[in-house]
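Only heavy atoms go into these numbers, but all of them, side chains included; no hydrogens, no water, no symmetry mates. Here, residue 1 is the first one in the sequence, and each next residue gets the next number.
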Amino acid sequence: MTRLKSFRGLLLVGAASLIAGPAAAQASGTLLEEIIVTATKREVSVRDVSGSVSAVSGAQLEAIGAQSYADYIARTPGVTFNQFQPGTSHVVIRGVATNSGNVQGQGTTGYYINEVPLTEPGWTIVIPDIDAFDVDHVEILRGPQGSLFGSASMGGAVNYVATKADAGAYDAAIETTLSKTRNADVGGAIKGMVNIPLVQDKLALRAVATYRNDPGYLDNVGIGENGSSDITIGGGRLSLVWTPTDATEVSWLSLYQKTDADDAPYRNPAFGDLARSTAFAEANETDVTLHSLRLDHDFGVATLTAIGAYQEKSQDFAFDYTPYRGLYNTDLGLNLTSPLFIESGGESTGESLEVRLASNTESRFEWLIGAMYFESEKNLYEQLGADGAAAAFDASPLYGPGTGSVIAPDGRIFNAFFTDLKAKEMALFGEASFNFTPQLKLTAGGRLFKTETDSTSSQVGFSTFPGGLRISPTESDEQDGFSPKVSLTYTPSEDLMVYGLYSEGFRFGTPNTQGLSAFPVPAGSESDSLKNYEIGVRSNLAGGKLLLDATAFYVDWSDIQLRLLTPDDFNYAANGGAATIKGLETSVTFSPIPQLDLQSSITYMEARLDEPLFILWYGTAPEGSQLPGSSDWSISNTASYRFETAYDPTLTLSHRYVSSGISDLNSAVPGIVPNTQGDFNVIDLRLRATIGATSVTLFGSNLGDERGVTRTLPEANGLSQGLIRPRTFGVTLNWSL
């Protein structure tokens with residue numbers, strides 16, 4: 001709280017970044033921009049949505065120099081970004097999480113690209129973090145979105161909307177950045193876009209290519225490498241839009257993004273301020289591919305929308321397990337001398353189809369009906385190995401000659417686990433609104449859903465010797481239910497909106513594989529029960545110069561899906577426990593003069609267990625324990641001033657504060673040293689000038705060089721901590737046609 005108090009003065013004159021949401025401004029500069037969102041499955045202004053929706057436009061992303069989630073997502077009220085490794089950094093909305101990282105089952109935040117779902121059931125393969133260049137806008141929906149968006153959106157959802165090809169005119173843009181982070185080499189990025197009308201006003205193509213290198217700033221003392229963990233992110237997007245008539249639009253989107261990290265980008269604090277120690281570089285790689293086809297046709301009284309998509313995701317990680325090598329040598333009679341490692345990852349494919357029909361006429365009664373189908377298949381692996389493992393088993397007094405080629409056929413991997421998961425989600429959904437008067441509107445809707453999962457697990461290695469590959473029986477899970485949503489909106493004038501909202505969320509259950517553990521485990525987990533109540537106010541004061549908005553919410557979460565561990569170290573899923581989350585999100589936008597924009601947002605939230613929760617091996621987390629992956633306080637401020645002189649220079653100062661939290665439920669158990677995160681301030685400064693079609697931006701990020709911990713995880717080499725990037729200076733050039 002001392003840091004919070006020290007920034008109270010800045011808070012009064014600060015601002016919440018250039019994010020447009022419940023406090024989006026009719027101010028000046030990019031804040032004047034009206035952002036149209038699809039949070040209600042219709043195209044409406046973000047300020048007309050009766051719910052907690054924020055959006056940041058492409059122009060606003062460019063203005064704050066956003067590259068990825070870390071640059072903008074945590075500036076949104078009610079949102080915590082638990083940054084860790086590429087592809088595994090989780091967004092927690094309104095505290096709905098039991099871990100700041102991956103869980104045994106489906107996550108609680110839904111991720112979408114152009115409304116295509118990317119959060120498959122089970123252990124999440126790749127959290128998509130699409131490069132922000134040439135993105136039309138990003139929508140952040142707070143609170144459960146089960147009625148319109150489906151599973152995984154219990155806490156909320158993030159929807160990227162890529163810029164579509166425009167058949168009206170040629171366009172092009174180039175962005176390049178050079179940056180220098182403390183303890184790192186010079187980094188850089190180059191990105192480009194071209195938009196080509198192939199048939200004037202009928203057919204267009206838009207292509208985007210991106211490449212970014214973020215040099216490592218951690219010293220891996222175990223391998224003697226300074227500045228380890230270079231991260232490269234590259235990919236592109238292709239948009240084709242055909243408009244055969246004024247009433248019909250057909251659009252195609254292809255997207256690919258690949259992330260490579262030479263070494264894991266988290267520190268081991270026991271080895272120094274910016275240091276880690278492993279026996280080898282823990283490389284990781286993720287890939288996301290998406291192809292989607294969309295049809296929009298206006299029948300006059302209603303618009304038909306159909307979206308079909310195919311996606312592929314993959315991840316491959318390597319983890320140092322060498323500190324446990326002595327245990328395996330002793331227990332298995334081995335003499336391994338090379339590093340012990342775990343290779344983990346998998347791949348998934350998904351096919352989805354959504355068809356909906358929404359009324360067009362603005363009348364007293366508006367409606368929307370739709371259906372969706374989502375099918376995914378996932379293959380996961382986890383392998384334990386060491387160079388020379390086969391020879392070590394041959395020389396082992398417990399195994400003997402000839403066993404090595406059976407236990408470790410490739411000479412290295414001597415124990416492996418595999419999971420094949422197939423899943424389906426089918427749903428009918430709808431929503432209807434009735435305007436009793438021009439000021440009073442009632443909206444009600446819901447989603448009738450059914451989910452199915454089939455899981456098969458297998459293992460091979462010393463744990464099954466001499467029997468060879470052991471395949472466990474297929475486990476199935478089927479669930480069905482209804483996820484409702486009801487809101488009442490009162491708009492007494494154009495300057496004031498008040499709404500009340502009730503909504504629910506759901507996610508896939510997780511079947512457990514029998515036979516892996518010597519101890520009994522339940523058949524699996526079912527969907528949690530999550531109910532959200534909120535009241536929101538949006539106001540427009542002082543002739544549009546001052547916007548003051550607030551949302552109070554209460555979440556009742558029960559039968560929580562948990563990831564537990566058997567005494568012989570096998571993960572399994574179960575339901576248990578309950579929690580209450582209550583909070584207040586406020587935001588203010590003020591433009592006292594045309595040159596000055598001030599914004600501020602404050603979120604206070606209590607996410608607490610309602611009853612004691614037993615954590616195997618650790619003890620019991622008592623009633624009142626904080627839920628992991630969230631913070632009680634989050635504050636974001638920005639002040640931007642445009643000088644009335646040549647080249648239109650703009651100076652922007654931003655600040656962000658996150659209070660302390662924990663990274664897992666184990667940390668809530670008395671007597672256990674908690675894995676903590678948060679409790680840091682970040683200050684950034686940007687100066688931008690425009691010279692013709694080119695803008696030049698000088699920037700400094702994390703000017704205080706804070707060691708902000710975004711996630712803490714116990715690993716073989718001790719605690720591992722994700723960090724915000726240390727102090728960084730750089731320059732960005734933007735050119736547009």
> Taking it one step at a time, do F418 and Y381 satisfy ring pair (Phe, Tyr, Trp, His ring centres under 6.0 Å)?
Replying inline: CA-CA 5 Å; F418 307 93; Y381 71 90; 7.3 Å; no
> Does the pair N99 and L665 meet the rule for a side chain to side chain contact (heavy atoms under 4.5 Å, CB included), with working shown?
Replying inline: CA-CA 7 Å; N99 193 290; L665 278 172; over 6 Å; no
> Could you go step by step and tell me if L609 and E623 meet the side chain to side chain contact (heavy atoms under 4.5 Å, CB included) rule?
Replying inline: CA-CA 5 Å; L609 288 176; E623 177 183 350; 5.7 Å; no
> When you look at D664 and N675, which way does the side chain to side chain donor-acceptor pair (under 3.5 Å) test go after all the steps?
Replying inline: CA-CA 7 Å; D664 51 52; N675 300 316; 2.8 Å; yes
> What do the steps show when you test D316 against E343 for side chain to side chain contact (heavy atoms under 4.5 Å, CB included), and what is the final call?
Replying inline: CA-CA 7 Å; D316 295 283; E343 294 177 346; over 6 Å; no
>> Between E706 and R725, does the salt bridge (Lys or Arg N to Asp or Glu O under 4.0 Å) criterion hold? Intermediate values first, please.
In response: CA-CA 9 Å; E706 286 262 0; R725 197 166 184 85; over 6 Å; no
> V96 and L530: side chain to side chain contact (heavy atoms under 4.5 Å, CB included), yes or no, with the steps?
Replying inline: CA-CA 9 Å; V96 182; L530 190 139; 3.6 Å; yes
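By the 4.0 Å N-to-carboxylate-O rule, D684 lies close enough to R75 to be salt-bridged with it. R142 has no carboxylate O lying under 4.0 Å from a charged side-chain N of E534, or vice versa, which leaves the two without a salt bridge.
Taking the side chain as every heavy atom from C-beta outward, V79 and I73 approach each other to under 4.5 Å. The side-chain heavy atoms of T710 and N82, taken from C-beta on, include no pair separated by under 4.5 Å. A 4.5 Å side-chain heavy-atom check between S631 and S659 finds at least one atom pair inside the cut-off. Side-chain contact between L141 and S52 is absent, with no heavy atoms from C-beta onward closer than 4.5 Å. R182 is listed as a side-chain neighbour of D705, based on a closest heavy-atom distance under 4.5 Å. Under the 4.5 Å side-chain criterion, counting only non-hydrogen atoms from C-beta, Y657 is not in contact with V682.
Checked by atom type, the side-chain pair D610/T580 shows a donor-acceptor distance below 3.5 Å. No hydrogens or angles considered: a donor-acceptor pair under 3.5 Å links the side chains of S151 and Q106. Residues D262 and S229 bring no donor and acceptor atom of their side chains to less than 3.5 Å of each other. For the residue pair Q677/R711, the side-chain donor-acceptor check at 3.5 Å is not satisfied. If you check the side chains of S525 and Q561, you find a donor sitting under 3.5 Å from an acceptor. Judged purely by distance below 3.5 Å, without hydrogens or angles, the side chains of E120 and T124 never pair a donor atom with an acceptor atom. Side chains of N717 and D320: a donor on one and an acceptor on the other come within 3.5 Å. For the 3.5 Å distance criterion, the side chains of N532 and E504 fail to qualify, holding no donor opposite an acceptor.
Contact between A184 and P215 at its shortest, heavy atoms only, is CB-O, 3.9 Å.
Checked against a 6.0 Å centroid threshold, the rings of Y321 and F341 do not count as neighbours. Aromatic ring centres of Y533 and Y502: separated by under 6.0 Å. Taking the six-membered ring for Trp and the full ring otherwise, F149 and Y112 have centroids separated by under 6.0 Å.
Rounding to the nearest 0.5 Å places CG of L380 at 7.5 Å from OG of S344. The distance from the CG atom of N268 to the OG1 atom of T278 is 7.5 Å, given to the nearest 0.5 Å. Atom CG of residue D219 and atom OG of residue S228 lie 7.0 Å apart, to the nearest 0.5 angstrom. We find the CG-CG distance between N329 and L336 to be 4.5 Å, quoted to the nearest 0.5 Å. Here F84 contributes atom CZ and Y266 contributes atom OH; the two are 5.5 Å apart, rounded to the nearest 0.5 Å. Note that CD1 of I560 and CG of D528 are 7.0 Å apart. Values are rounded to the nearest 0.5 Å.
Classification of the F319-F317 ring pair by plane angle, with boundaries at 30° and 60°, yields perpendicular.
The 12-atom threshold is not exceeded at CD1 of I535, counting heavy atoms of other residues, nucleotides or ligands nearer than 6.0 Å.
When each of L384, L332, I342 is tested with N415 by the rule side chain to side chain contact (heavy atoms under 4.5 Å, CB included), just one qualifies, namely L384.
Residue pairs meeting the salt bridge (Lys or Arg N to Asp or Glu O under 4.0 Å) criterion with at least one partner in residues 599-609, sequence neighbours excluded, are R608-D632.
T728 places no side-chain N or O within donor-acceptor distance of the main-chain N or O of T181, the cut-off being under 3.5 Å.
In this structure, R707 fails the cation-pi test against F680, since its NZ or CZ atom is not both closer than 6.0 Å to the six-membered ring centre and inside 45 degrees of the ring normal.
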